Amino acid sequence: MEQMPKTYNPLEVEPKLIEQWIQAGCYKRSKGVGDCTVVIPPPNVTGILHMGHAMDDTIQDTYIRYNRMRGRSTRWILGTDHAGIATQTKVDKKLKSQGISRLALGREKFLDACWDWTREYGGTIVSQIKRMGCSIDLSDPKFTMSDEYAHAVRKVFVDWYHDKLIYRGKRIVNWCPVCTTAISDDEAEYRDEKGHLWYMRYPLVDPVGDITYITVATTRPETMLGDTGVAVSPQDDEKACLVGKKVLLPIVNREIPIFSDWHVDKGFGTGFVKVTPAHDPNDYAMGQTHNLEQINIFDEHACVVDGYGQFSGMDRNEARKAIVSWFEDHGLLDHIEDLNHSVMHCYRCDTALEPWLSQQWFVAVDKLKTPAKEAVTSQEIKFHPSRWTQTYLTWMDNLKDWCISRQLWWGHRIPVFTCADCGWEDACLEDVAVCPHCSSSHVSQDENVLDTWFSSQLWTFATQGWPFSSDELKAHHPTKVLVTARDIIALWVARMIMSSLYFTHEIPFKDVYIYATILAKDGSRMSKSKGNGVNPMDLIDKYGADAMRYNLLTLITTNQDVKFDAVIDKKTKQLKESPRTDQARSFITKIWNASRFVHMNLQDYVPGKPCAQTMEDAWMLSRLAAVVKKTTEQLETYAFGDYARDIQSFFWNEVCDWYIELCKGRLLNGTADEKLQVQRNLVFVLDTALRLLHPVIPFVTEEIWDMLPVSGIDNHRAAFLMLASWPDAKDYEQFVNTKAEANFELAKMLISTVRSIRARYRLSPKEELALTVKTSEAKAQVIDAQKEFIIHVGRLKSLDLVSNFMRPKTCVATAEGDVEIFVELGGLVDLHAEATRLSKELEKLNSERSKIQALLSQEAFISKAAQVVIDKKKAHVEELNATIESLSAQLQQLG
């Protein structure tokens, strides 16, 4: 039998296995009982892998590999999104660097440049997903701009248009002056910024008594050019006498009315609110109610349009300064206050968005959202964790009509055609060159493209042949689970449910798994601009894909955010280290070394069934049965974090630290029959453990399994571990022995206590100690039955079981439940000196903790110190608490 290499090199093994799996067709859809189809949330075609992708893809691959091994029909659909704004922005920048204007180039040639960019860079993220070991079907990739997918998108638009669910209207949208396109509310990023509140005087047309002017408070003085009203709260009795009066708008000399409206908070500013219906959503609503004129003062670049004298042509920032200066020069600027407020920014270019009145296309959602809500309230679709259910339902309750038009060239062009001669207009599945009404050739197509989320909402069914093929949909729709981030529950998840119910009359997926957001080490959002982002490929290059995948899964808890411990070099912005990923690599190494030990001790091995020769065998096989059952339940219920942590605890603590160690005696000194049986047991346990570990750490488990001989679990060995069968809990029920487990755990506890005391007092492992145990008669009998084993493994010179015991001063004591344990140290340790040392150490630690706690209680410190400093202080207190608790327990042991 060829020996396993001494060390495991993931950078050599992982790429090799990926190619072997792909060449063997392991990633393609598998046949089986029950369908498990999963669609990957399509990453941007020109994007690169980030930590969110890595978490998402690890979860999906873990689930797919598990289901494939369960013998289910598995299909993991790969695809990428054309990313309208992102791709157009990148291509635009490239052309500008070459001195080429997009507008001068023209639409058709610019689209050619976008396709060239996509072909050049579009495969990057797919290759990175492949390098992670994701067993996704690479042979059949989908793309939202492919001909087949484009047809599906067009059909959805046309059908909704004819069903009166799509309309065109002039509404306020979030406008990016740099990207020159509308941005949805959900894509806007809010940021707190330092700003001002300007108090500006508007003269009354007709004074009311001594009142000759009112003072409005605004954060955006530049928009006053478009004011068409001033609003007050209906609850503001002091201003009731002014309702119905008019003010003369400075600069433009426009008479505008004062009215009352519930949108106004009488406590904000002066209680007078300037109303600019074309440049604020609330103002737009008030304008609709009170029939105010809508005056758009900005062009698409947020520059003041013609007709405003010296201000025309200024961008919004220049206009703000100039208008404030004008008010000051004319004695109409009352005063200015500092104000921190939240400002919307474009998620792509980071420009402050402009609320802007413009002609856009919308989806009317009222008829769509009710069935989509019922699908979740009825639990036909379930969210995991369940708390995200309410997030979804709340968003649906407040859902407004969806702006789907974008002022871009790259994307699905809106299929609405208009005749310039007769005014005919329609949405059509095929391009129209000649008007079907008057036969004119002066037919044009709408210039806008569809929001990227409009096309991606069809993802579960448009990737499976809709509307052309029904066979694929029948076999693989609804899909099993959607794994995604909370940020796009509204943007994507809800819209997928609405469109799927409308067009396929089916839910798109049965479960939605929302994973935690990965934050930087200090708790902030990862971003390129901050330089705190972690490149998953750097982690793979340093630690291997298995280690990265495993670490990511262990991070999953009930929390909605998790901190990633990577240390980034401040100068190079490169990864220096990630202690948790390094620990995960240590686990990979542990698996390799333990397997190598078993492999090295298989001389004369003959496959056969496992059997409990000894009490440790009975304990191990029973524990194995329990772990098979528990692991299966965890993966069935999406408890990925618990699965990863528990399977490590089992393999490292129980298989390696206990069972393999206890088997060494029989391997070295047992009879031929004893040696063969322990070999069979070890191979069986290792084989089962590798299967259970495989979904999350596929590479090292596959490499080991390939070198492992057949165990009693297999009648027909699969070509690869990833194609082998998942351990069936029913097959392991024969090994369940709760009594053996309980008995062995008691022996383990005694041995572990002795080992812990040896380590604490720095005694040699060869030093034989005397152990006295005081417990119940029932437990004493259990311990007595294992006495020889405990003495041998615990390296004891004696083990006494007593019902009464006067503790000598020369021993240390501890207790586990009703089991009191006394270890005689005699002259080996100066217990008095040790107690004195511990007391002094505790005094020092308590003093240090008190000082930090006093500091944290000071308001002056909390208000001035950086949050990262406060967090470090709090973390240090937690560390001190743990140390103090441990030392106090030790002191108590000394009596």
Side-chain angles (χ1 to χ4, degrees), residues 42-48 50 80-127 143-147 149-150 153 173-184 187 189 298-306 312-318 345-354 356 358-361 404-416 431 433 444-456 527-529:
N44 289 352
V45 66
T46 58
I48 59 172
H50 57 60
T80 49
D81 188 275
H82 63 280
I85 296 176
T87 302
Q88 177 153 323
T89 300
K90 289 180 179 179
V91 176
D92 215 1
K93 285 181 179 179
K94 180 181 179 182
L95 292 174
K96 284 180 181 178
S97 70
Q98 299 170 352
I100 301 172
S101 164
R102 171 171 62 88
L103 297 176
L105 189 65
R107 185 171 194 142
E108 294 305 316
K109 289 186 178 179
F110 179 79
L111 291 178
D112 289 340
C114 288
W115 277 108
D116 290 342
W117 178 277
T118 299
R119 282 187 281 268
E120 184 175 356
Y121 297 102
T124 300
I125 196 165
V126 173
S127 65
F143 182 41
T144 52
M145 286 290 283
S146 69
D147 291 342
Y149 202 97
V153 173
V173 296
N174 301 315
W175 184 265
C176 177
V178 173
C179 297
T180 60
T181 183
I183 301 290
S184 73
E187 292 172 311
E189 294 181 348
F298 290 140
D299 64 12
E300 63 180 357
H301 299 291
C303 293
V304 180
V305 298
D306 292 340
S312 293
M314 292 182 179
D315 68 31
R316 53 188 170 171
N317 294 321
E318 294 169 336
H345 286 254
C346 175
Y347 75 109
R348 282 298 170 192
C349 69
D350 202 36
T351 302
L353 296 176
E354 183 66 41
W356 198 53
S358 60
Q359 191 88 342
Q360 302 288 344
W361 289 95
I404 58 172
S405 48
R406 298 291 180 264
Q407 289 62 49
L408 305 169
W409 286 351
W410 174 245
H412 299 280
R413 192 169 176 180
I414 290 178
V416 173
D431 288 353
S444 61
Q445 185 177 356
D446 194 292
E447 291 291 324
N448 295 330
V449 299
L450 289 164
D451 175 16
T452 302
W453 297 105
F454 187 92
S455 53
S456 62
S527 72
K528 291 181 181 178
S529 60

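These numbers come from the heavy atoms of this one structure, side chains and all, not from hydrogens, waters or symmetry mates. Since we're looking at a predicted model, the values are computed, not measured.
Of the inter-residue distances, the one linking T144 atom OG1 with D81 atom CG reads 4.0 Å to the nearest 0.5 angstrom. Interatomic distance, CD1 of I404 versus CG of N448, reported as 10.0 Å (0.5 Å rounding). Annotation: the span from K90 atom NZ to Y121 atom OH amounts to 9.5 Å, rounded to 0.5 Å. Between the CD1 atom in I414 and the CG atom in D446 there is a gap of 4.5 Å [rounded to 0.5 Å]. With rounding to the nearest 0.5 angstrom, the NE2 atom of H82 is 8.5 Å from the OG atom of S456.
Scanning for side-chain hydrogen bond (donor to acceptor under 3.5 Å, both in side chains) contacts around T46 gives an empty result, with sequence neighbours left out. Applying the side-chain contact (heavy atoms from CB on, under 4.5 Å) test to T351 and every residue at least two apart in sequence or in another chain returns C176, P177, V178, R316, C349. Qualifying side-chain contact (heavy atoms from CB on, under 4.5 Å) partners for Q98, counting only residues two or more places apart in sequence or in other chains: K94, L95, I100. For D431, the side-chain hydrogen bond (donor to acceptor under 3.5 Å, both in side chains) partners two or more places apart in sequence, or in a different chain, are R154. Not counting sequence neighbours, D315 has no partner by the salt bridge (charged side-chain N to carboxylate O under 4.0 Å, His left out) test. Annotation: ring pair (Phe, Tyr, Trp, His ring centres under 6.0 Å) contacts of H50 (sequence neighbours excluded): H53. Shown here are the side-chain hydrogen bond (donor to acceptor under 3.5 Å, both in side chains) partners of D299, two or more places apart in sequence or in another chain: there are none. Scanning for side-chain hydrogen bond (donor to acceptor under 3.5 Å, both in side chains) contacts around S455 gives an empty result, with sequence neighbours left out.
Side chain to side chain, Q407 and T180 fail the donor-acceptor criterion of an N or O pair below 3.5 Å.
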Step by step, would you call V45 with T87 a side-chain contact (heavy atoms from CB on, under 4.5 Å)? CA-CA 8 Å; V45 66; T87 302; 4.1 Å; yes

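The closest side-chain heavy-atom distance from L103 to W409 is below 4.5 Å. For the pair T80 and V126, the minimum side-chain heavy-atom distance is below 4.5 Å.
Closest approach of C346 to I183, counting heavy atoms only: SG-CD1, 4.3 Å. The two residues L408 and C179 make their nearest non-hydrogen contact at CD2-O, 4.2 Å. Nearest heavy atom pair, residue A182 against residue Q360, reads CB-NE2, 4.1 Å. Here the closest non-hydrogen pair linking S358 and V173 is OG-CG2, 3.4 Å.
Residue pairs meeting the salt bridge (charged side-chain N to carboxylate O under 4.0 Å, His left out) criterion with at least one partner in residues 405-415, sequence neighbours excluded, are E187-R406, R406-D451, R413-E447.
At distances below 3.5 Å, at least one donor-acceptor pair connects side-chain atoms of W356 with backbone N or O atoms of F298. For the pair S312 (side chain) and V305 (backbone), a donor-acceptor distance under 3.5 Å is present.
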Ignoring hydrogens and angles, write down the donor-acceptor pairs under 3.5 Å from the side chains of residues 108-116, residues two or more places apart or on other chains.
from: D116; atom 1: OD1; to: R119; atom 2: NH2; distance (Å): 3.1

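Checking each of T452, D92, T118, I85 against W410 for a side-chain contact (heavy atoms from CB on, under 4.5 Å) leaves exactly one that passes, namely T118.
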